[in-house]
Amino acid sequence: MKIVVIGGTGLIGSKVVQRLREQGHEPAAAAPNTGVNAVTGEGLAEALKGSSVVVDVSNSPDWEDAAVLKFFETSTRNLLDHEASAGVGLHVALSVVGTERMLASGYFRAKNAQENLIKASSIPHSIVRATQFYEFFKGIADFSTEGNKVRLPPVLFQPMAADDVASAVAKAAIGPPVNGILEIGGPEKFRLDEFIRRGLVARRDPREVVADPQARYYGIEVKERTLVPEDDAKLGKIRFDDWLAQAAAQIPSALPQPTGAVGTREEESHKKAS
Ligand SMILES: NC(=O)c1ccc[n+]([C@@H]2O[C@H](COP(=O)([O-])OP(=O)(O)OC[C@H]3O[C@@H](n4cnc5c(N)ncnc54)[C@H](OP(=O)(O)O)[C@@H]3O)[C@@H](O)[C@H]2O)c1
């Protein structure tokens, strides 16, 4: 089965491509640096020719309110139009748990617009909503840092590993369309402050994490259950402590980073959003 993965060179996309290939499918990674641009439409018709499924795990390079809205609206419209012309039978997109509860944020208004375009289209679809990725714990801390303190609301948080997200997206790509939303989350629930504290301690980051009910999450107010999925969500297998140990083993130099050191690509992109 030919499956086009839009954003197939990114954090999630590259893992989705790998899983689909391991399962004997023919995934094609599509992104600007492979000559496919979902916003301008460049290369889309050619890339989608003969494909049964399109998986959209792209992300906007610019998270300013108007820019991110334009990215998700334009790219999603372009993809759905080209899919209709090419006879694609399934559109899978990755969104975020709680999107409709965080519309005070421009990023989530853009994800909401993306979801609504997909729901209104004639293409059979599955929208996978994931919780936050473990990979972004330092980005969350950096965003909420003042001096040596990280202030975060002690709300429920159920993050997951990018590997588990990719497995769920790959599974959705080869399954039947649900024509609605599938929620996925991590295997453990934390308090947001506790999760970040645990990550920073593991990285020997000296910042103090303070539970502050008035603090915001990425600039928006969140309630007890804003960030967690419903009880019927499918849960990933990788626990945070195991992920931390594995990440430290893979990139030993990442462990004792002093505060302010250059982060990973995904951490940097979260910084950009601020
Ligand atoms: N962060 C979270 O915790 C979280 C939680 C749930 C869901 N999500 C969702 O997960 C998705 C994937 O995130 P990620 O972290 O894997 O993203 P990422 O690593 O930043 O990768 C983004 C991908 O999109 C591609 N792209 C950028 N502009 C494009 C364009 N005009 N046309 C086609 N492709 C384009 C990039 O290509 P280049 O490499 O060529 O730039 C790259 O392959 C996002 O939609 C996000 O909303 C995130």
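Keep in mind the model is a prediction, meaning the values are calculated, not measured. All residue numbers refer to positions in the sequence shown, counting from 1. Both ligands and their constituent atoms are indexed starting at 1 by order of listing.
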I'd like the name of whichever of F71, F133, F137, Y134 reaches closest to atom 4 (C) of ligand 1 through any heavy atom.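 Checking each option, the heavy atom nearest atom 4 (C) of ligand 1 is found in F133.
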Given that the side chain starts at C-beta and the backbone is N, CA, C, O, which of these parts of [X] lies under 4.0 Å from ligand 1, counting heavy atoms, or is it both or neither?
X    : value
S75  : neither
Y107 : side chain
R129 : neither

Counting each atom of ligand 1 from 1 as listed, which ones have a heavy atom of [X] under 4.0 Å away?
X    : answer
N37  : 30 (C), 31 (N), 32 (N)
T9   : 37 (O), 38 (P), 39 (O), 42 (C), 43 (O)
V96  : 6 (C), 7 (C), 8 (N)
I12  : 16 (O)
F136 : 1 (N), 2 (C), 3 (O), 15 (O)
S95  : 6 (C), 7 (C)
Q132 : 3 (O)

Which residues satisfy the ring pair (Phe, Tyr, Trp, His ring centres under 6.0 Å) test with F157, sequence neighbours excluded?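 F157 satisfies ring pair (Phe, Tyr, Trp, His ring centres under 6.0 Å) with F195 once adjacent residues are dropped.
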What residues form a ring pair (Phe, Tyr, Trp, His ring centres under 6.0 Å) with F133, not counting sequence neighbours?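 F133 satisfies ring pair (Phe, Tyr, Trp, His ring centres under 6.0 Å) with F136 once adjacent residues are dropped.
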When rounded to the nearest 0.5 angstrom, what is the spacing between CG in D163 and CD in Q246?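 If I round to the nearest 0.5 Å, the distance is 6.5 Å.
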Could you establish whether A29 and ligand 1 come within less than 4.0 Å of each other, counting only heavy atoms on the residue side?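 No heavy atom of A29 comes that close to ligand 1.
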Measuring from the heavy atoms of T131, does anything fall under 4.0 Å of ligand 1?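 So T131 counts as touching ligand 1.
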Are T99 and R129 linked by a side-chain donor-acceptor pair shorter than 3.5 Å?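 Judged by distance alone, the side chains do not pair up.
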